[in-house]
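As a basis for the values below, the full set of heavy atoms in this structure was taken, side chains included, without hydrogen atoms, waters or symmetry mates. Chain identifiers are assigned alphabetically (A, B, ...) following the order of the sequence lines, protein sequences preceding nucleic acid strands; residue numbering begins at 1 within each chain.
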Amino acid sequence: MPTFVSPIWEAMEYDFRSIEARWQDYWRKEGTYLTRQDQSRPKFYVLDMFPYPSGAGLHVGHPLGYIASDIVARYKRHKGFNVLHPMGFDAFGLPAEQYAIQTGQHPKLTTEQNIARYREQLDKIGFSFDWSREIRTCNPEYYRWTQWIFIRLFQSWYNSELQRAEPIEKLIERFANEGYDATQPGALSGNIESELHSFTAGEWQSMSEREQSDILLHFRLAYLSEAWVNWCPALGTVLANDEVIDGRSERGGHPVERKRMKQWSLRITAYADRLLDDLDHVEWPESIREAQRNWIGKSEGTTLRFALEKADHIADDLSDAFVEVFTTRPDTVFGVSFVTLAPEHELVQSITRPDLREAVNAYVLQATNKTERERQAEVKKITGQFTGAYVRHPFTGDPIPVWIGEYVLAGYGTGAVMAVPAHDQRDFLFAQHFGLPIKEVVSGGNIAEYAHAVKSGVMVNSDFLNGLTVIEAIPAAVREIELRGFGKGKINYRLRDAAFGRQRYWGEPIPVYYQNGVPHVLPVEELPLILPEVDKYQPTESGEPPLARAESWKYKGEFEFETTTMPGWAGSSWYYLRYMDAGNDTCFASTEAMNYWREVDLYMGGAEHATGHLMYFRFWTKFLFDLGCIPVNEPARKLINQGMIQGVSALVYRIDGTNTFVSAGLREQHHTIAHHVDIHIAPNHVLDLEQFRLWREDFRDAQFILEDGVYHCGSEVEKMSKSKYNVVNPDEIIAEYGADTLRLYEMFLGPLEQSKPWSTQGINGVSNFLRRFWRLFRIVDGKANLNDAVGSPAELKVLHKTIRKVEEDIERFSFNTSVSAFMICTNELHDLKCDKRSVLEPLVVLLSPLAPHMAEELWHALGNTGTVTAATFPKWDQQYLTEHEFEYPVSVNGKVRFKMKLPLDLSKEEVEQVVLSSDEMRRFVPDPPKKVIVVPGRIVNVVV
RNA sequence: GCGCAUGUGGCGUAAUUGGUAGCCGCGCCAGACUUAGGAUCUGGUGCCGAGAGGCGUGGGGGUUCGAGUCCCUCCAUGCGCACCA
């Protein structure tokens, strides 16, 4: 590290080590960042997506978003806002539990250790978090309220006439008075209760508790049902759709299969429309909103029933049976040449003709036994099986064969499609493969070659639809279908209800117990339901979740508790509310606090949460809004996704079968195998040979083929990870350059939202800048040595220009350019040899959001008392910025030829005259010009 | 396949409304002070060319006096979704 002797003013050099320690200590002792409710000031809520504290600690990519949001938080304080800027930990989750299974250590213990390490790392960066509001999702005082919200979900249903959640009592009342008509669900419409049969009020009243409970589960927003789930055998748990990526678990990458299980779910589908529509009213990145729209996948269409044809093999009690399909193209109904059922469809068994039973069973078996991944991998392969049964075409009465095919998904629509091969690509391929008829009903395509699936053309061969365009025919067909009672207009969503139970230990217990097979929620006064201790974290021998190991854990010593726990996203779906009033033990946050802080004004976090966390976050907010608990319908007004910081790996090339390594430039001459090498033993990608030999046992005898006397490593930009030895830790950067330099450099790297590789090389630039800035203040013995004269016009121009630029840049989250503006300012003041207090002091406040430690030190060196973080942001003044002269670039036919300095108050005509009569003009344009364009204060363009 | 985003020097990047492309920083080159330092300061640095000059913002086309910026089209990269009827 540098030891400093400065010959010029015997000034003290910038010693970040003592400065940063001193002020971090001061802020902690003074409680500088504690936030109080203050009705007299406008509020601003800046929130970071809280981290899951992993064992690996933070790398330099993690704080990127935190630094940006911290700058905004500090800036807003200078601007007079009362800022809420909290931090906490998403502390339940799989990795801690996997570790517990391996080591037997309680996940609580490892989680606490990891949090301590995170906290230590975060503290060194100088964030302005109000730690008195810290939350940990695994604390009973916190998850008590997560459980409370679950109970409220259980006690609510969604009234789709009112488009909001209501207490379940309202529904019970309705059943007791009116019963339920499955054909006219009214307020109960949606795709949620399709398996439920009609009943009268009298029938309802005479039902057993168990029967009533089962019916209500079809409506509760938290409900228990038999459903197809994503089962991950390696993790031993069910996963939600967003936790499965390419048929593998998001955590760990284990295969996932489909399994039918009794399972707690949340009815997020009830909110599909509101989740979709309200996307138009939030300031979120277009990519996130688009991802959510796709995820919700709204599509409008109609259901249509095809009555089953009687046949010898079909039982008499199926004489009224039908196949119901969902289609978005009812206009093509006269082009149906077969109907395809999903292999899991409930009718498959009962309609199969005896001679085909064996083939059908085999097909169904192979289809259901496939993992999600296998199924996706074989998407292009066309498979199917005829059942031997026929249905009747609702309009023509023609018999239509019923097939089963894997391309039909059980979970979407009705699990059955009407196949129109002429106008749907999948149906087309299926028909081609099995030699089924292809009938054109929309003109304009070439159905001998491919399906004409676009919505253009005129209807043909279609009875009452003939001659209409597709756009006209769709509503016409729906009208007719509804009129004749064949089906009903319907909206379908790709969005599925969210699996909520996890067969795991380290999560919030679901506050439910069972009495005679009926689930009951705990009375809220008895919350929290504490996670019990268990002897092992594995499932029981009989395959029950780990909580089943807690044998004496029973409600009132008698009733079994639910043994699954909540998923990782439960606690993070409402945490922003808890920060508003973190210590409250009578409710999750007081009404006063929530009416003051309302929603998050700026939410900062990674784009990977587009369809997971951010979806549930919005869902729970809307639900709590419906209950009247909170004043807002959306959790976050503005969302920014910080880009990922990638690592730059270093590679060495071993000649295959030897222990000789060849430098990157020469590797083409050999057959080599690339190995990752720790970037710390290859500074600037030049390998330290000695350290490399010591690095790993098997490299001890390594030989090298060098270029220019050194070994050049290859490099690759990839994700920062331990296994690639390319992790850069913020602590090492801070130890060497200081936290302010780290903060500034992360911002200087480029636009916040962009992904970019980390390169420690460029850090000297900002480090030099901070030292140059420091030197302007001529610090001796902790005191600045400046004079009290007024600034020169040039100095004042630099100052005011910089205030304006930095302010504008922070307002639009362009932090890289604000750092750059500061560098320009420092360079210019240096050139002007500025030593005026009146010019330099405002810059200290301006710098404070970006480099708070240095700003605080300089603030005090200037003789101020109290913290700089409370100082008012300086104001820029136009009078120092107004120019009187401008050097006009004069271009001829769009190419700049020369420049002329002219007063800015000249009129267009005067400028034109002066320019045209100049000597330079005559040199470049001998003849009179065709046209002259003068843009005052910008440019002169002469056309010849 | 569909959707979203991004393409500018050796590198990270900048360019308020269509108005001087390359600010700031890294790296590199030359020098100063000094003498082992990863210090500081000064000058230079888009490409081709000796120069005049020409070329230049992923490629091609267009609008305009003028295009990195607007329009059309193609290409590349990244991310998301994907037999969703």
Would you say [N] has OP1 or OP2 under 4.0 Å from some side-chain N or O of [X]?
X        : N     : value
A/Thr340 : B/A85 : no
A/Arg426 : B/C84 : yes
A/Asn816 : B/G12 : no
A/Lys931 : B/C65 : yes
A/Arg772 : B/C41 : yes
A/Arg329 : B/A85 : no

Rounded interatomic separation in angstrom, taking [atom1] from [X] and [atom2] from [N]:
X        : N     : atom1 : atom2 : result
A/Arg938 : B/U64 : CZ    : P     : 22 Å
A/Phe815 : B/A14 : CZ    : P     : 14 Å
A/Gln646 : B/U77 : CD    : C1'   : 12 Å
A/Tyr412 : B/A82 : OH    : P     : 12 Å
A/Arg812 : B/A15 : CZ    : C1'   : 10 Å
A/Trp295 : B/G80 : CH2   : P     : 12 Å
A/Lys298 : B/A82 : NZ    : C1'   : 21 Å
A/Leu429 : B/G1  : CG    : P     : 15 Å

Residue [X], side-chain atoms from C-beta onward, closest of [options]:
X        : options             : result
A/Leu409 : B/U42, B/A85, B/A82 : B/A85
A/Asp831 : B/U42, B/U20, B/G54 : B/U42
A/Tyr737 : B/A85, B/G38, B/G80 : B/G38
A/Glu808 : B/G80, B/U16, B/A15 : B/U16
A/Arg494 : B/C83, B/C81, B/C65 : B/C81

Which part of the nucleic acid, if any, lies within contact of [X], taking any heavy atom under 4.0 Å across all strands shown: a base, the sugar-phosphate backbone alone, or nothing?
X        : value
A/Val408 : base
A/Val935 : base
A/Lys381 : base
A/Asp427 : nothing
A/Pro757 : nothing

Under-3.5 Å donor-acceptor pair between A/Gln292 side chain and B/G80 base: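 Answer no: no donor N or O sits under 3.5 Å from an acceptor.
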Kindly indicate whether the side chain of A/Asn294 and the base of B/C81 share any N or O donor-acceptor pair separated by less than 3.5 Å?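 It does not, because no donor-acceptor pair links the side chain of A/Asn294 to the base of B/C81 below 3.5 Å.
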Scan nucleotides 24-31 of chain B nucleotide by nucleotide, 5' to 3', and note B when protein non-hydrogen atoms come under 4.0 Å of the base, S if they reach only the sugar-phosphate, - if neither. BSS-----
Produce a footprint string for nucleotides 4-10 of chain B: one letter per nucleotide, 5' end first; B if the base is under 4.0 Å from any protein heavy atom, S if only the sugar-phosphate is, - if neither. S------
Which way is the base of B/G9 turned, syn or anti, if we draw the line at 90° from 0?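 Syn, angle within 90° of zero.
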If you measure from the P atom in B/A21 to the same atom in B/G54, how many Å do you get, rounded?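 Those two atoms are separated by 13 Å.
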Give, for atom [atom1] of [X] and atom [atom2] of [Y], the distance between the pair rounded to the nearest 0.5 Å.
X        : Y        : atom1 : atom2 : value
A/Leu832 : A/His830 : CG    : NE2   : 10.5 Å
A/Ile474 : A/Arg329 : CD1   : CZ    : 5.5 Å
A/Asn230 : A/Glu243 : CG    : CD    : 9.0 Å

Using 30° and 60° as the class limits, which term best fits the ring planes of [X] and [Y]: parallel, tilted or perpendicular?
X        : Y        : result
A/Phe886 : A/Tyr888 : perpendicular
A/Phe773 : A/Phe769 : tilted
A/Trp403 : A/Phe430 : perpendicular
A/Phe326 : A/Tyr412 : perpendicular

Is it possible for you to check whether A/Arg289 lies under 6.0 Å from the centre of the six-membered ring of A/Trp284, through NZ or CZ, and within 45° of that ring's axis?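 No, cation not above the ring by the 6.0 Å, 45° rule.
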Within 45 degrees of the ring normal and closer than 6.0 Å to the centroid, is that where the cationic atom of A/Arg305 sits relative to A/Phe322?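 Yes, A/Arg305 and A/Phe322 form such a contact.
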Can you confirm whether A/Ser337 sits close enough to A/Lys439 that some side-chain heavy atom of one is under 4.5 Å from a side-chain heavy atom of the other?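 Sidechains of A/Lys439 and A/Ser337: no contact.
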Aromatic ring proximity, centroids under 6.0 angstrom, A/Phe334 and A/His393: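 Close enough - the centres of the two rings lie under 6.0 Å apart.
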Here's a test of your reading of the structure: between A/Ile939 and A/Val943, which maps to the more 5' nucleotide of RNA chain B?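 Closer to the 5' end of RNA chain B: A/Ile939.
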Reading 5' to 3' and counting Watson-Crick or G-U wobble pairs with both distances under 3.5 Å, write the dot-bracket notation for RNA chain B, | for bases paired outside the strand. (((((((..(((......[....)))((((((.......))))))(((....)))..(((((..]....))))))))))))....
Quick test of your reading of the model: are A/Glu736 and A/Arg17 salt-bridged, counting only N-O distances below 4.0 Å?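 Salt bridge between A/Glu736 and A/Arg17, a charged N being under 4.0 Å from a carboxylate O: no.
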